[in-house]
Amino acid sequence: MPSLFRPVGRFACLIPAVLLVLPLQLHAEAPQKQAAAAAAPAQDVPWLYRGSDVPVDREWTFGELSNGLRYAVRKNGVPPGQVSIRIRVDAGSLYEAESERGFAHLLEHLVFRQSKYLGDGEAIPRFQRLGATFGSDTNAETSPVSTTYKLDLPDVTPDKLDETFRLLSGMMIAPTLSEANVRTDVPIVLAEKRERGGAAERVSDAMQQTLFAGQKLAVRQVIGTVETLEAANEANVRAFHARWYRPGNVTVVAVGDADPAVLAALTRKYFGDWKGVGKPAQAPDFGDPLPPRVKGKAPDNPVGETRVLVEPDLARAVTYGVMRPWRPVQDTIAYNQGNMIDALAQMIINRRLEARARAGGSFLAAQVSQEKHNRSVDATFVSIAPLGEDWKAAVRDVRAVIADAMASAPTQDEIDREVAEMNVAYESSVEQRRLLPGSKLADDVVTALDIREAIASPETVQDIFNASRPLFTPQAVLERTRRLFAGSVTRAVYVTPQAGEADPAALRLALAAPVEADGKSRVDTRPISFAELPPLGEPGRVAGIVSTGLGEIEQIEFENGVRALLWPVRDEPGRAAVRVRFGAGYRAFGPGDAAYVTLGELALVPSGQGKLGQEELDRISTGRKMGFQFEIDDSAFAFTAETRPADVADQLYLFADKLVNPRWDVAPLLRSKAAAKLNYESYATSPQGVLERDLQFLQYGGDARFRTPAPAEIDAATPQGFREVWAPILETGPVEVQVYGDVDRAATIEALRKTFGALPRRAPLPDSTGPARFGEPKTGIEPTVLTHRGDKNQAAALIAWPTGGGMAGIRESRQLEILSQLFQNRLLDKFREKLGESYSPQVYNSWPLDLENGGQMLALAQIQPRAVPMFFATADEIAADLIAQPPTADELDRVTEPLKQKLNRASTSSAYFMSMLEGASQDPRKYASIRNLLPDYTQTTPAEMQALARRYLTRGKSWRLAVIPEGTTIATTITPGPATRGAAQ
């Protein structure tokens, strides 16, 4: 079953994406249910549940048309006025012939190019006029097993729904697969392939080819090959479409604020007459993972294909998989009960591996996960990040932890701890079921179809889980653990930066060698109660409660200077959030603190507080929905957590205690230093990596606080230095606490009194705190040039126009968002659709409200090195045209209507409003600015846009950056490419 059955919660990073299982004890009645299901006429059972005894989710309506097309529709009001439509085609890269590699994905592009009711290039503008934002509301994705077209249609009306179904039917049934359109879209797909290339693609390909050796998946990358894509033409693309785009291979899913009967009727109206061309094709055989051929009897779980990949700029990583054949299953209670125990087994092993890594040793991190991968294998994957050159020790130590789990059963206490984690996730799902957006529900059905399983309501999941508890015994977990690590063959890939360090034979030997079970990493499961922790002080006194003028949002002021924004939201059952904003953010650092900034992001929370180290923080939160995210912003620091009403008081205690009782445990700092050093070299492998490393530093005019520290700087950082930087940050500056969601007003005020209200009055920010402005880049038409060590056909270019900052210009900042979207549409049309030089050029607008400067409008594209001058010329041309003449009214409507719908949907979320109010207790102008959100973002004129362009987009006011391969230079003239169509100067 898909995501509703997956345990999600505080340990999401440790819990594999495995499926919940159901109990043997759905006991005497389970076989009766199965028998009843089998005896019932097939037409009486919804198509998704045939062969299953999982209770049907009756909020869905399932149907089948006479031509074989299936549909699933459902009423849902989150967000109000939206309908989410998914059209899933049972054809992905595994359905391609050798000469068609990449065709499933290419066809996805062509479907959006032109079709029966849409002219060339009309799809994006048409959906924008309907209020859908391209990329987020309108998109598609291709996988090895399917292609899914996605549309989240806002502000639905009967006419808009009818028009949308008509347009989508034309796209699926009758796309215009002309030779001209193929020739237009192939360069765009090749640009997408180039942008995904480099070291990351080489590693991905090596993994795919090795782990799935002998199967179709090994050589069916979704993006395809240059050779097959360049050989695509009208005839062979039409043949692929005719073979797989047939009603029997298609499912329409529609969920949203509309009558399901209407959604079903529109499906019948526009898809009912669809007839496939020619004889239906049979789905291909994806093959099985086979053991190596050996003389005599093959050993159990033999080690097969192994590969060592040398990538000088990547950190060491070992991945091995225990591979088993995938087989279709009957998605029954009996099937799912085994999956549940598999999940528990993996959670226990992953917790032990994490404890082993925290203690220091041979590996930085390791994880196991079971995955039924693209209907090709049922595999247990093990991922290891060695700390140094001794990768063999890392493999041995991880295998030793796994061997211990296979040798002896876990304790019942270990099981109960993980069951408590699952329980809170399932309880939260029930509490928050009415908050699930229609897009998520639609995607769940698509996932179920991909894995050939069913779905269930949150209540059903919770009931089954609770009935399953007697099944979760040590012996049952031990038996399933042993099954997880048994298979047809084990395969592995080792990525290393150093040639000669390993070879396939050495990797094979390391995985086949006997290993001694290591039980030292079994963790302490004794619970810790918040009642054991000391109070933070005498409960504080409320100095005043002020209405913000925004509904029920109140500002509460305590005598110690702490201010809180409280918003009880009655229509968000089971959901609560806490955000603590404090200090001065990057302004608090000195120019020599870059290493401690990076290490603080990684180690400040794990270094502990009071009586709680990292392990104790985990234990005290067991069975609770609690979090501890840490962020560093330009002008403040923040602790954030998504929690539940029952846990709000304890969540507040954790955050307040961190400010006044920080610990400075060394182990998390040392682990963070290792992680920072291992990651550093990988930045140089691609233009994207270089931008991640250096862009913020350059945006702020070379301010050293924003520099990514090199390994030597990380090495030089000390525990004492870490404490000297971070201790005063935790101690000084104003504090603002936000609590919102399904919370009780009186109880929350009392919890605030006992936590943040009980803290001593904080000292003001020190005199050394930097001003509320940062440096700015030097403008000019000559670009700054950086280099990367990746593929020679990869580059990136950006052009940015500095704008401003501060609350005084907030309307202008929002109007600049409209201008940036106008620029985005033109850049997408010219540089992608017409020139085919970039897959996804982007335009971003920023305007920091708590700084006096720092805002920018920035255009960015990943391109070939020869196209760098073409990008700058295109951006300059767009800017000059916006300056010379105002946009048309239609062009403006294509931007403001999606922005309006985006804001209308966002306004249904308390989280969105509260994000707008961060820092409002210090700057009350933010309260007033909320009232102008919609007009500021959606009401403007062509003349106003032209005036903004004249103010900011002049050529000499920009700054430019190019990231090109080492050993190359930027061309001084535009070089024609295969897709430029005479656009070169």
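In this chain, residues are counted from 1 in sequence order.
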Next on the checklist: Let's go through R243 and E100 carefully: what are the C-alpha distance in whole Å and the side-chain angles of both, what is the deciding distance for salt bridge (Lys or Arg N to Asp or Glu O under 4.0 Å) to 0.1 Å, and is it a yes or a no?
Outcome noted: CA-CA 12 Å; R243 191 160 74 250; E100 297 173 328; 2.5 Å; yes
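Residue F112 holds its CZ atom at 7.0 Å from CZ of F134, rounded to the nearest 0.5 Å.
Judged by distance alone, the side chains of D120 and Q114 never bring a donor and an acceptor atom under 3.5 Å apart. Side-chain contact annotation: R575 with S428, donor-acceptor N/O pair under 3.5 Å absent. For the residue pair N466/Y426, the side-chain donor-acceptor check at 3.5 Å is not satisfied. Judged purely by distance below 3.5 Å, without hydrogens or angles, the side chains of E108 and T142 pair a donor atom with an acceptor atom. Between the side chains of Q82 and S84, at least one donor N or O sits under 3.5 Å from an acceptor N or O. In this structure, a donor-acceptor pair under 3.5 Å is absent between the side chains of E141 and H105. Inspection of the D893 and Q128 side chains reveals no N or O donor paired with an N or O acceptor under 3.5 Å. A side-chain donor-acceptor contact under 3.5 Å links D450 and S146. Donor-acceptor pairing under 3.5 Å is lacking for the side chains of E179 and N233. In summary, the side chains of S439 and D152 do not present any donor paired with an acceptor at a separation below 3.5 Å, with no hydrogens or angles considered.
The closest side-chain heavy-atom distance from Q215 to N374 is not below 4.5 Å. When side chains are defined from C-beta on, F271 does not count as touching Y71, because their heavy atoms never get closer than 4.5 Å.
Using cut-offs of 30° and 60° on the angle between ring planes, the pair H373 and F212 is parallel.
At least one cation-pi condition fails for R70 and F62: the charged atom is not both under 6.0 angstrom from the six-membered ring centre and inside a 45 degree cone around its axis.
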